[in-house]
Structures are given as C-alpha cells and as structure tokens.
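Note on naming: letters A, B, ... go to the chains in the order of the sequence lines (proteins, then strands), and numbering restarts at 1 for each one.
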Protein chains: 2
Amino acid sequence: MAASTLSEVARLAGVSLATASRVLNGSSRKPAEDIAERVREAADKLGYVPNAQAQALAKSSSGLIGLVVHDIADPYFSAIARGVQEAARQQNRMVLLASTTGTPADEKEAVGAFAARRADSIVIAGSRSVREEDKQGNAELAAELDRYCRNGGHVGVVGHPVVGATAAEGYHVVEVPNEELASGLAEELAATHHGGFLIIAGPEGLYTSDDRVRGFQRGLADAGRPAAEVVRTGFNRAGGFEAGKALAERIKGSSDRLCIFAVNDVMAIGVTAALRPEGVWIPRDATVAGFDDIETLRDFRPALSTVHLPLEDIGRLAAGDPDTAPISGTVKLRRSTETPVESQL
Amino acid sequence: MAASTLSEVARLAGVSLATASRVLNGSSRKPAEDIAERVREAADKLGYVPNAQAQALAKSSSGLIGLVVHDIADPYFSAIARGVQEAARQQNRMVLLASTTGTPADEKEAVGAFAARRADSIVIAGSRSVREEDKQGNAELAAELDRYCRNGGHVGVVGHPVVGATAAEGYHVVEVPNEELASGLAEELAATHHGGFLIIAGPEGLYTSDDRVRGFQRGLADAGRPAAEVVRTGFNRAGGFEAGKALAERIKGSSDRLCIFAVNDVMAIGVTAALRPEGVWIPRDATVAGFDDIETLRDFRPALSTVHLPLEDIGRLAAGDPDTAPISGTVKLRRSTETPVESQL
DNA sequence: GTCATGTGGGAAAGCGCATTCCCATTGCCA
DNA sequence: TGGCAATGGGAATGCGCTTTCCCACATGAC
C-alpha cells in the first residue's frame, strides 16, 4: 500500500506542507479560500488519501475501537457487534475485530494486539470464567488490561469484570442483570407449571451461566418450589443437544411434566432438537425456556420462552455510547412453556 | 493512549534504538544473547507494547484487512466474517469491520476509510446491485476501489464484481455459482413437485437475487416446466414475511399446491412465518425452499430445503487464503418441500 | 605483523503527518 | 505616516519505529 503523500499534494499546489495539512485535515486554522481550493484540486488530481496511521502517530489517537468476541458467527455476539459498530460509527471510529476461541489466553493476545494498535478503547464481550484451567490465562489477561488502562485506554466488559483486573480508571463493566432476570423467569414459570424443573447449564465457573442458574433457583425458592436439578454441558447448541439426548428416556419414562431451563437460547434450541426425534414434543411432553431472545431464532416453533436482552444496546453501552439506558431485560413467555389445555391433562 | 516507547526501553537497557528494535521486533539481524536478554528485561519492566501504527508507518504495511458487510448481525454475513477472521488470523493480520446500510455510497466511504488506514486488503461481502438509484454510488465506489488497487491494495469481492470497477491488478472476485445451484435446486424440486412454482425474489437489479431467479427459471425450463411467477420484495426476513402475507389467501383459495422458492433462507423463514398464522402449513398446503443454508436456521421446523453455501470458505477465499477450494454448493432437500404421503393427497 | 574478512552495535535518515513557532503582510488607529 | 495587533503561510520539529549505512573491533590467513 503506497499512495501519494501530503507533501506531493503540497508541492503540486505550490504551498507548504503545513498549509496542505490545514486545508485537507480539518485544523483549527483555515487557510484562505483560494489557496484551499488549489490544495483541494491538487489532492483530487493525485487521488490523495490521508494516511491514518501517520495521522494517528502524529496526534496519538487512532480512532480505533477493539472488539473481542468468542465467535463472530454466534448470533449472540454478532448482535452485540452490531451495537458496537453503531456506536463506533457515531463516534467516527472503526471497529477492529478479534475472534478468540474463548480462552483467556487468546483474549489476552487480542488485547495485546489492540494495545499495539493503540485502540482508543476495547470491548470484551465474551463471558468471564473462574474455571481452574483458566486461572493463569485470566491473570495474564487481567495484567494486560491493567496495563492498557494505565496507559490511558478504555475498557468495556460485558457482564462481569475480568477476574483479577484491578484498574479503576477507564475500566467499565456493562452490568447485565442475569440473576434477577432468571429469577423473574423462574417465578413466572412457576406460576403456571406445577411439575418439576431442570436446569441445563454451561460449565461450572462461567459467570453468565452461573448467574442465571443461581437466579433461577432463587426464583423457584421464592415461589416456594424445591431447587431444580442442574445438568452441566457445553454453553452452545451442541451442549444443549447432548443434554437433550441424555434426557429423552427419562422424560418419556416419567409421568411428571418437566420444565427445562436452558441457560441460553441456542442451548434451548439444541435441547428441543434433540428431544424431537425421540418423540418428546415441546410443550406437550415437556416445556423449555431459554435466555437471550436471539433474533434469528424468533421464528422457531414452538416459539421459545426466553428472557429478552437488548444485545445491541449492550454493545453500544460497552463501546462507550453514553446515551444508552442501563441494561434491563424482559421475560417473554411463549409457546414452548405453555400449559396444555385442560382436556390434555 | 500513551505508553512507553522503544527508546525508553533502549535507554533503560543501555543499548541503541536500533538494537532494541532488532531484539524486540524480529529483525533478520539477531543481537548477542546477553544484550537481547537485557533488552527484553527492560521491555518487560516498562511494560513496553510496540506501537503498531509507527511500525506500519516505518515498514509501510499495516497488517490490516478491511471487511465490508451490510449488517454484521445478519447470519449470512457473520458466517462470512468468521471465514475472513480465520484467514486473517492465519496471515497474522487483524480485521477492520465496517457495516454499511447496503448503499454503495456507504460502502465507498468504508473503502475510503480502509484505504486511509492502509489496509493490506479489502473484502466486500455485500451483494452488488445495478439498480438505477445506485448508479452514482456504484461509480464512486468503483473509482475508490480502482484507486485503492492502483496504490497496491488487494480487493476481494464476494459474488459479482463491483459495477464499473476496471482495476485488473489486485482485484479478485470469489465466484459463487448462484445460477447453477438455483437451477439444480429447481430441477430437483421439479422431480417430485407437480404443481406450480413461485419465486419470491429481492429487488430487481440485485445480482445475487437475479442470478438465483434466472437459475431457477432455467432449471424449471430444463425440466420442461413453465416459468415461475416472480414476486419482488425486500431481500430479508421482513420482505419474505410481507410476501407471505400477501400470498396466503391465494394459496388457500387454490387447489394447486404451490412450491415457493425464496431466494434466501431468511426470506424463506419469513414466508413460512407469515403463512403459519393464516393456517397455511408447510409442507402440507404449500412447500418452501430457500438458499444459503444458514446454520442458525438448521433447527427450524419444518426443516428448510435450501442450497448449502460454504460461507466460511467464501470469506476465507475473499480474504486471500489460497488453500481454499473454489466455491461450490449443494442442494439440500428437507422437510419443507417434502411431497405429502399418498393418504393426504 | 599486516591486511582482508566478518561480526555486531550505533548513528541517522526517513515513513507521512500535525503542530508549534516564527516571520512577513496587512489593516487599523492615532 | 508610524506603530501595533491581527492574520496567515512556511520552516522545522517530533510522533515511534525500521533500516541503511557506517564504524569499531575481532578473527584468520598470509
């Protein structure tokens, strides 16, 4: 990538470098109109494109905002990414994307790369974890973030603080009331469902999952119900599918109608998909609820009961857009948890 | 964003700038081990993070790859984005993201921004259009791309060339055999479906949509079937939904079982969703096929007949990954176009 | 002991731009 | 008309780094 430079433009226009810079890149000093016109003409003729790298170097601000997600093709993350993108657009910045496999070590690397590019701020969208195997990775990630913040960077984290991060300045957590919402979901479900409950959760130590589990149990307790059994599996569709497969026989063998809470929508879809070929129908033989209210899944049938999360707003907020309200969600009861009509009872 | 600089590291280590650079940033000349160690220690103590902007400026290569999509939250684009991301990772580059609203004017702006950042290459994933209202935008976009290519940039476009782009050097189109695949789909459908066909297409002038329509018609013709009626609507779920609503009465009033081809999956989902509350069931009262085979939609029921496209590979290929095979797709017939069993006829 | 050869560190010149000074004009008032 | 402030263009510096070129020194052969 080479291109014509500002000094070439200046020479062609017969002005100094300083003047050319002032004309083309919005300085506070406005050269006279006739000169400006000459410079603009020269720039146009040469097809001048300012070198943002050099500009960034000169005024030490890159106009970049880094986004760390586990998987950009996951609808949860891509919805957040859209929000971040919008905020960036408003702030006249560009989004740098890094997909990690979800391990803190990868995330640390991504943060390092963003820091190297002198991103003005960094958004971390993946769920935090306290699992033992992530311990060292978390520590390193935290150190990297601390350093970045100390150097004047801004960090927005979705959900939970990065474990071990201590930087106060520039560190910003977008709180997602997972626990409260899950509790609310449990209470609403308990109002119409009289059988047992079961939770399909992600691996222990994943904050988002743990919060939702805790909240759901609390909601059940508040409704005077016994705690639900918790099954742990992968935090994705495959995990839900697997859990569903394992559950099928049990559901078929029992007369109790089980209400299954999968801690996110794609897991709920996985469960449902696994159950269907086994002849277990939702909501006839069991009911299922998810969490997130993923847009692409809205047309799924039976319509999934879930908790709506304003993912775009979350992204916007994490990217530092100030005029977004704090995050709240809404319980959405749909067909997948409907009580069967009396005649079927 | 300020941070400690290389010269600070050099001073602390008691070596010259050149030596420090050689130690820390992989030069061909390797300083002696004891010196190198001293430099590394100093860098570590200062928390040195190389300034990628300055590096890019000095060696004129940014390590950036720009990605232009219409909407990152659209599963079609996010799947491509994943591929681009993977390729970038392999090439040790980072992805710069730009979402546009789909108008060429926006895309032009994005390309300009990428050029300013001296991105090594640019991937344009949105569908090309020849609509009259896009004419000027297209021309400007083409000019911007040409300029970028002349300056040594690489461009990868998914599907069709940008209208009017003339740069030969560095311009690379990932061919997607939309027409052939749509034709194949039509033929396979015609083998079992004996009623009429109808196509729900995007706006006229959208290459992707037009190609698929043309291919489908050709396939029908090859199978000795009359051409299908074409309904034009938005190229998204909303468009499909609208078309579905408009179609419901007609389907209910006719004894002929219609086979509906929506030119992409989300439109097909939209159609199905619109038809369902009207009492028109798929595949009982009509059949529906889509195109793309979006992963998130796989669990949709009735399972959608569609054409599988290796979206990740497309992204990888557009991002310049050479070890990806040329793009081909596969027709996937599923439940949504199944012929009813005889008893139901 | 001398000279060719090689090794490895340092000085300095940019990369493309913003910005701070500096200086030549001009306009204005006394 | 002289003097002062304001105006606006230009030279030069530096942002943080890579890389070329130079030089000091060590090594080996003759």
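- Taking 4.0 angstrom as the limit, A:Gln55 places a side-chain polar atom (N or O) nearer than this to OP1 or OP2 of C:dA18.
- Between the P atom of C:dT19 and the CG atom of A:Leu57 lies a distance of 12 Å, rounded to the nearest Å.
- Remark: A:Thr103 OG1 to A:Arg131 CZ distance equals 10.0 Å, nearest 0.5 Å.
- Contact check of residues 8-18 of chain B against DNA chain C (heavy atom, cut-off under 4.0 Å) returns B:Val15, B:Ser16, B:Ala18.
- Between B:Asn25 and D:dT18 there is a side-chain polar atom (N or O) within less than 4.0 angstrom of OP1 or OP2.
- Rounding to the nearest 0.5 Å places CG of B:Leu96 at 5.5 Å from CZ of B:Phe114.
- With C:dG16, D:dC17, C:dG10 as the choices, the nucleotide that has an atom nearest any side-chain atom of B:Pro50 turns out to be D:dC17.
- The phosphate of D:dC15 (OP1 or OP2) has no side-chain N or O of B:Asn51 nearer than 4.0 angstrom.
- Side-chain proximity of A:Arg22 to C:dG9, D:dG9, D:dT18: nearest is D:dG9.
- Distance, A:Arg117 CZ to D:dG16 C1': 15 Å, rounded to whole Å.
- Heavy atoms of B:Thr5 sit under 4.0 angstrom from primed sugar atoms or phosphate atoms, though from no base atom.
- Formation of a donor-acceptor pair under 3.5 Å by the B:Gln91 side chain with backbone atoms of B:Ala319 is found in this model.
- In terms of modelled atom types and a separation under 3.5 Å, the side chain of B:Glu312 and the main chain of B:Ala79 share no donor-acceptor contact.
- Under the rule for a side-chain hydrogen bond (donor to acceptor under 3.5 Å, both in side chains), the partners of B:Gln136 that lie at least two apart in sequence or sit in another chain are B:Glu140.
- Within a heavy-atom distance below 4.0 Å of DNA chain D, no residue of residues 40-49 of chain A is found.
- Computed from coordinates, the B:Leu6 CG to D:dT19 C1' distance equals 13 Å when rounded to whole Å.
- Counting only heavy atoms from C-beta on, B:Ala32 has its side chain closest to C:dG9 among C:dG16, D:dC17, C:dG9.
- Taken to the nearest 0.5 Å, the CG atom of A:Asp44 stands 11.0 Å off from the CG atom of A:Leu12.
- The closest side-chain heavy-atom distance from A:Val157 to A:Tyr171 is below 4.5 Å.
- Between the side chain of A:Arg89 and the backbone N or O of B:Ser99, at least one donor-acceptor pair lies under 3.5 Å.
- The interatomic distance linking B:Ile35 (CD1) with C:dG8 (P) rounds to 10 Å, in whole Å.
- In this structure, CD of B:Gln53 is placed 13 Å from P of C:dA18, rounded to the nearest angstrom.
- Proximity of A:Ile327 to A:Pro310: side-chain heavy atoms (C-beta onward) are separated by under 4.5 Å at one or more points.
- When atom types are taken as modelled, the side chain of A:Tyr207 and the backbone of A:Pro161 share no donor-acceptor pair closer than 3.5 angstrom.
- When heavy atoms are screened at a 4.0 angstrom cut-off, B:Ala56 is found touching no nucleic acid atom at all.
- When rounded to the nearest whole Å, the span between CG of A:Asn151 and P of D:dG16 equals 12 Å.
- The side chain of A:Ser21 places an N or O atom within less than 4.0 Å of a non-bridging phosphate oxygen (OP1 or OP2) of C:dA18.
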